[in-house]
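In what follows, a single structure is set out as structure tokens and then discussed.
Letters A, B, ... mirror the listed sequences (proteins, then strands); counts begin at 1.
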Protein chains: 2
Amino acid sequence: MLIRTSCRQESFADSIFSVRSPEVLTSEFRARSLKVTPQRQLLFRLLHGHTGHPTAEALYAEASAQMPGISLRTVYQTLNDLVSMGELSSLQFAGSSTRFDPNVDDHHHARCDECGELRDVYVDHFDSLLVSGFAGFTPERASIVFGGVCADCG
Amino acid sequence: MLIRTSCRQESFADSIFSVRSPEVLTSEFRARSLKVTPQRQLLFRLLHGHTGHPTAEALYAEASAQMPGISLRTVYQTLNDLVSMGELSSLQFAGSSTRFDPNVDDHHHARCDECGELRDVYVDHFDSLLVSGFAGFTPERASIVFGGVCADCG
DNA sequence: ACTGGTGATCGCATTCGATGCTAATTCGCA
DNA sequence: TGCGAATTAGCATCGAATGCGATCACCAGT
Ligand SMILES: [Mn+2]
Ligand SMILES: [Mn+2]
Ligand SMILES: [Zn+2]
Ligand SMILES: [Zn+2]
């Protein structure tokens, strides 16, 4: 496998992509007659600025620290709402639970075979790919997952 | 999203990729001191020539038709063995159970959003992709999944 | 062919992530 | 402030997959 690494690597590292602000999410929820509860507000805050790919359990742990008694069920509920609103995306890999991605930008992922760490990667010249085998299939989206070894595990 | 469709589309459709022959798999199992039982032989046969992406349950159904009493546990066992031997690969998507892929050729997939149908696609010029964000990560593999609508659901 | 030993089979229990259900609560609008 | 509708939280349930272990059977060596 040959992969060309862009020289613009650094410029991307500077950018931080996350879920939209708690204020925006609040309006979005209200606009859909969804109530803005303290539990949801807390999750809005936790997700905003989050650059990783947390699981529901991880967010539940973070949330519990600030709001003891919040239920895992509610965390799932809210994350699912955000996903169906397109404010969050979800990723699934073999042998681990669903990861939620606060970065809804058009991007792809690199996943470490050892530790499962997931990082965002950006791909240029996607349209120079030549794909055969669609035969009637209408592609609308594409997602690339690179498998390999991360810096820590290497 | 812009995707270039290869004019060689048809030539690929002619090729049939599958798991290796029951005879080869038999030798492979013996070489590893794994016994070649009737249950395994049946699965070898079912997988050979299989061009789809069946679930363990689906293969269990097929197997049960020819060998009533075979257990789902044994089907999983054998499929997992084949995967760890590299004779079969496994794929996982959100909201559905693991799909086993008898095609271990280097290829990618297109998945219908409606019905979940999965088809093989082949990608050329992969090395013209420009990837940024690796930063220490050593990529070894890549897998592309196209999302969209299949001919039946369109 | 027989046999011993190691690996396989199969059914049942168990795990784990995720969702269904619902009484009690709370949000948000009037 | 009060009402109706949405939410919460806890527990039950689900589905896919694996752990376990008594019994079975492949197969190498005789
Ligand atoms: Mn991401
Ligand atoms: Mn395939
Ligand atoms: Zn790692
Ligand atoms: Zn379809």
Side-chain angles (χ1 to χ4, degrees), chain A residues 22-23 25-44 46 53-61 63-64 66-85 88-101 116 118, chain B residues 22-23 25-44 46 53-61 63-64 66-85 88-101 116 118:
Chain A
E23 292 71 28
L25 296 182
T26 293
S27 319
E28 286 295 311
F29 268 58
R30 292 245 162 84
R32 293 166 196 248
S33 317
L34 298 176
K35 293 179 178 173
V36 179
T37 64
Q39 289 90 340
R40 288 177 170 174
Q41 288 174 298
L42 171 55
L43 286 164
F44 294 169
L46 290 178
H53 298 88
T55 62
E57 291 276 359
L59 287 164
Y60 171 59
S64 295
Q66 293 188 42
M67 184 186 286
I70 189 174
S71 84
L72 177 58
R73 193 68 186 80
T74 298
V75 173
Y76 271 110
Q77 209 93 269
T78 302
L79 293 175
N80 288 341
D81 286 343
L82 286 166
V83 168
S84 57
M85 290 166 63
L88 194 63
S89 60
S90 67
L91 305 167
Q92 196 155 76
F93 298 95
S96 69
S97 44
T98 300
R99 318 285 291 253
F100 291 87
D101 194 344
L118 206 60
Chain B
E23 292 71 28
L25 296 182
T26 293
S27 320
E28 286 295 310
F29 266 59
R30 291 243 164 83
R32 292 164 197 250
S33 316
L34 298 176
K35 293 181 178 171
V36 179
T37 64
Q39 290 90 339
R40 287 178 171 175
Q41 288 173 300
L42 172 54
L43 286 164
F44 293 170
L46 290 178
H53 299 87
T55 61
E57 291 276 359
L59 287 164
Y60 171 59
S64 295
Q66 293 188 43
M67 184 186 284
I70 189 174
S71 84
L72 177 58
R73 193 68 186 80
T74 298
V75 173
Y76 270 110
Q77 210 94 271
T78 302
L79 294 175
N80 288 342
D81 287 342
L82 287 167
V83 169
S84 58
M85 291 165 63
L88 193 63
S89 61
S90 68
L91 306 166
Q92 196 156 75
F93 297 95
S96 69
S97 43
T98 300
R99 318 285 291 252
F100 291 89
D101 195 343
L118 207 59

>> So which atom in B:Leu72 and which in B:Tyr60 form the shortest heavy-atom distance, rounded to 0.1 Å?
In response: N-CE1, 3.3 Å
>> In whole Å, I'd like the distance from the CG atom of A:Leu59 to the P atom of C:dG17.
In response: 14 Å
> Which heavy-atom pair separates B:Thr78 from B:Leu43 by the least distance, and what is that distance?
Replying inline: CB-CD1, 3.7 Å
>> Taking side chain to side chain contact (heavy atoms under 4.5 Å, CB included) as the definition, give me every residue that meets it alongside A:Gln77, ordered by chain and number, with sequence neighbours left out.
In response: A:Arg73
>> Could you report the tightest heavy-atom contact between A:Asp101 and A:Leu88, atom names first, then the distance?
In response: O-CD1, 3.5 Å
> chain A on DNA chain D: first and last contacting nucleotide, 5' to 3', under 4.0 Å to a heavy atom?
Replying inline: D:dG4 to D:dG10
> Reading nucleotides 19-30 of chain C from the 5' end, what letters show protein touch, with B for base, S for backbone sugar-phosphate only, - for no heavy atom under 4.0 Å?
Replying inline: BBB-----BS--
> Are the side chain of B:Arg30 and the backbone N or O of B:Val36 linked by a donor-acceptor pair below 3.5 Å?
Replying inline: no
> Hey, what bend do you get for the helix from C:dA1-D:dT30 to C:dA30-D:dT1 if you fit axes on five pairs at each end, rounded to 10°?
Replying inline: 40°
> When the distance from CG of B:Leu42 to C1' of C:dC10 is rounded to whole Å, what number comes out?
Replying inline: 16 Å
> Which distance, rounded to the nearest 0.5 Å, do you find between the CD of B:Gln39 and the CZ of B:Phe44?
Replying inline: 11.0 Å
>> Please find the pair of heavy atoms, one from A:Ser90 and one from A:Thr98, that lie closest to each other, and give the distance.
In response: CB-CG2, 3.8 Å
> Can you tell me how far the CE atom of B:Met85 sits from the CG atom of B:Leu25, to the nearest 0.5 Å?
Replying inline: 6.5 Å
> Between B:Gly69 and B:Ser33, which has a closest nucleotide on DNA chain C that is more 5'?
Replying inline: B:Ser33
> What residues, two or more places apart in sequence or in another chain, satisfy side chain to side chain contact (heavy atoms under 4.5 Å, CB included) together with B:Thr55?
Replying inline: B:Glu57, B:Ala58, B:Ser97, B:Arg99
> Base, sugar-phosphate alone, or nothing: which one does A:Thr55 contact when heavy atoms must sit under 4.0 Å apart?
Replying inline: nothing
>> Test side chain to side chain contact (heavy atoms under 4.5 Å, CB included) on B:Asp81 and B:Arg32; report intermediate values, then the result.
In response: CA-CA 11 Å; B:Asp81 287 342; B:Arg32 292 164 197 250; over 6 Å; no
> For B:His53 and B:Leu118, which heavy atoms make the closest approach, and how far apart are they?
Replying inline: ND1-O, 3.5 Å
> Between A:Phe29 and A:Leu82, does a side chain to side chain contact (heavy atoms under 4.5 Å, CB included) hold up when you go through it step by step?
Replying inline: CA-CA 9 Å; A:Phe29 268 58; A:Leu82 286 166; 3.7 Å; yes
>> Testing the basics here: between A:Ala63 and A:Leu42, what is the closest heavy-atom pair and its distance to 0.1 Å?
In response: O-CD2, 3.6 Å
>> How many whole angstroms separate atom CG of A:Leu79 from atom P of C:dA18?
In response: 10 Å
> Of all of residues 88-97 of chain A, which get a heavy atom below 4.0 angstrom from DNA chain C, listed by number?
Replying inline: A:Ser97
> Whole-Å distance between C:dT9 P and B:Tyr60 OH?
Replying inline: 14 Å
